[in-house]
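Structure first, then comments.
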Amino acid sequence: MSTAPQLVVHRDKQLMAQAAAARLITKIVDAQASRGSASVVLTGGRNGNGLLAALAAAPARDAIDWSRLDLWWGDERFLPEGDPERNVTQAREALLDSVPVDPKRVHAMPASDGPHGTDVDAAAAAYAEELARAAGPENHGPVPTFDVLMLGVGPDTHVASLFPELPAVRETDRTVVGVHGAPKPPPTRVTLTLPAIRAAREVWLLAAGEDKAQAAAIALSGAGEIQAPAAGAYGRSRTLWLLDGAAASQLPRSLYPPASA
Ligand SMILES: O=C1O[C@H](COP(=O)(O)O)[C@@H](O)[C@H](O)[C@H]1O
């Protein structure tokens, strides 16, 4: 069942990143207190990396027990290990190299020079198996119930590497698929599908900047998920859109929250 999106609009991009980082710290600490460990799905892109950099700079990051945190990715650019365009490379630079994460709990998606070579479909299947192995009987299907799954919203309404009208956004069975011919470089990618995204307790969509304004307005105004993948991303208990004023500037007034800062 879909959860109705809740919106929080912050003054600007920097404040949004800092507030989202604070929110994430609290979520992780609470999950670790109640379930022993936490699992978070990271996103690539400017807003996702901005949040990670804000988290790295937040003194409260030390409240997290980094050894009891599983990190997954919503998508990956299928490039060689260490390529600066890979989402995991950027996450390492923004945050992961400066905190004591357990390397065994950092579940990066495969690289194009990894065990599956350039076979992106095999790489996607391997990640699906890794997720299935991590899912317990208490979870809802072949992926763990992630505590928080974050998605940067692209200017064309894509989330993860689910681009409008491409086959990946139509997938209803598999949890991870290879993407061929993505309109944003690089063309070959690995992505979670909508069914995997919807297994998360909370899905947070990040949209900051003027170039996200139209995408946010379309996705939040009743568009279909095939044409606007962001519209199909929701969590089991909560779907939260975190925006800045610029990204919220084209939202219908009926959606604009009364007083957020
Ligand atoms: O390529 C990607 O783009 C989106 C959005 O990125 P942004 O720079 O426009 O914020 C991101 O969510 C995705 O993870 C990434 O692979």
Side-chain angles (χ1 to χ4, degrees), residues 10 12-14 16-17 20-21 24 40-55 71-81 83-96 106-112 120 123-124 127 146 148-164 166 168-169 176-194 196-197 200 203-219 225 228-235 239-244 246-248 250:
H10 293 287
D12 56 42
K13 189 163 45 181
Q14 199 188 351
M16 185 190 110
L24 184 60
V40 171
V41 180
L42 301 181
T43 176
R46 289 162 289 167
N47 297 159
N49 287 319
L51 186 156
L52 295 185
L55 211 170
L71 291 172
W72 302 89
W73 269 263
D75 76 313
E76 187 54 275
R77 293 108 183 242
F78 197 54
L79 296 166
E81 186 67 48
D83 189 290
E85 288 302 314
R86 263 174 69 77
N87 288 335
V88 63
T89 311
Q90 295 178 2
R92 286 192 199 288
E93 273 169 25
L95 172 71
L96 304 184
V106 176
H107 308 274
M109 285 180 162
S112 62
V120 69
Y127 203 68
F146 310 115
V148 178
L149 182 149
M150 293 180 288
L151 297 167
V153 180
D156 58 355
T157 72
H158 85 266
V159 287
S161 286
L162 301 174
F163 292 89
L166 287 198
V169 75
V176 190
V177 295
V179 176
H180 305 263
K184 176 180 177 181
T188 311
R189 291 158 172 257
V190 178
T191 188
L192 297 193
T193 59
L194 287 176
I197 288 169
V203 169
W204 297 359
L205 295 108
L206 314 175
E210 230 176 89
D211 62 325
K212 309 293 171 84
Q214 204 183 10
I218 291 171
E225 65 199 35
Y234 47 81
T239 306
L240 188 59
W241 279 72
L242 300 172
L243 305 115
D244 72 348
Q250 292 183 31

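Atoms within each ligand, like the ligands themselves, are counted from 1 in listed order.
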(request) Answer with yes or no whether Gly48 contacts ligand 1, where contact means a heavy atom under 4.0 Å from a ligand atom. (result) no
(message) Evaluate Ser161 for polar contact with ligand 1, using N/O atom pairs at a separation under 3.5 Å.
(response) no
(request) For residues Gln90 and Pro84, report the shortest heavy-atom separation together with the two atoms involved. (result) NE2-O, 2.9 Å
(request) Mark the output for Glu76 as yes if a heavy-atom distance to ligand 1 is under 4.0 Å, and as no if none is. (result) no
(message) Give me the nearest non-hydrogen protein atom to atom 1 (O) of ligand 1 as residue plus atom name, then the distance to 0.1 Å.
(response) Arg77 NH2, 2.8 Å
(request) Supply the atom-to-atom distance Leu240 CG to Leu205 CG, rounded to the nearest 0.5 angstrom. (result) 8.5 Å
(message) If the cut-off is 4.0 Å to any non-hydrogen atom of Ala160, which atoms of ligand 1 fall inside it?
(response) 13 (C)
(message) For Val159, which part has a heavy atom under 4.0 Å from ligand 1: side chain, backbone, both, or neither?
(response) neither
(message) With respect to Gly152, determine whether any N or O atom, backbone or side chain, lies less than 3.5 Å from an N or O atom of ligand 1.
(response) yes
(message) Tell me the protein heavy atom at minimum distance from atom 4 (C) of ligand 1, and give that distance in Å.
(response) His158 NE2, 3.1 Å
(message) Looking at every heavy atom in both Ala246 and Gly209, which two are closest together, and how far apart are they?
(response) CB-C, 3.8 Å
(request) Just go through Asn49, Leu42, Asp75, Val179 and tell me whose heavy atom is the nearest to atom 16 (O) of ligand 1. (result) Asp75
(message) Show the atoms of ligand 1 that are less than 4.0 angstrom away from any heavy atom in Thr43.
(response) 11 (C), 12 (O), 14 (O)
(request) Mark up the atoms of ligand 1 that fall under 4.0 Å of a heavy atom belonging to Arg189, in ascending order. (result) 1 (O), 2 (C), 16 (O)
(message) On a heavy-atom basis, which atom in Ala228 and which in Ile218 lie closest, and how many Å separate them?
(response) CB-CG2, 4.1 Å
(request) Identify, for atom 10 (O) of ligand 1, the protein heavy atom at the shortest distance, and state residue, atom and that distance. (result) Lys212 NZ, 2.8 Å
(request) Could you point out which residue of Thr191, Thr157, Asp156 forms a side chain to side chain contact (heavy atoms under 4.5 Å, CB included) with Phe163? (result) Asp156
(request) Keeping the roles fixed (side chain from Arg46, backbone from Gly152), state whether a donor-acceptor pair exists under 3.5 Å. (result) no
(request) Indicate yes or no: at least one non-hydrogen side-chain atom of Phe78 is less than 4.5 angstrom from one of Met109. (result) no
(message) How far is atom 3 (O) of ligand 1 from the closest protein heavy atom, and which atom is that?
(response) Lys184 NZ, 2.7 Å
(message) Pairs of nitrogen or oxygen atoms closer than 3.5 Å, one from Gly44 and one from ligand 1: do any exist?
(response) yes
(request) Work out which heavy atom in Pro80 is nearest to a heavy atom in Ser112; give both atom names and the distance. (result) N-OG, 3.0 Å
(message) Could you report the tightest heavy-atom contact between Leu192 and Leu149, atom names first, then the distance?
(response) CD1-CD1, 4.1 Å
(message) Is it the case that the side chain of Glu76 and the backbone of Asn87 share a donor-acceptor pair, with hydrogens and angles ignored and the cut-off at 3.5 Å?
(response) yes
(request) Check ligand 1 against Arg46 and write out every atom of the ligand that is under 4.0 Å from a heavy-atom position of the residue. (result) 7 (P), 8 (O), 9 (O), 10 (O)
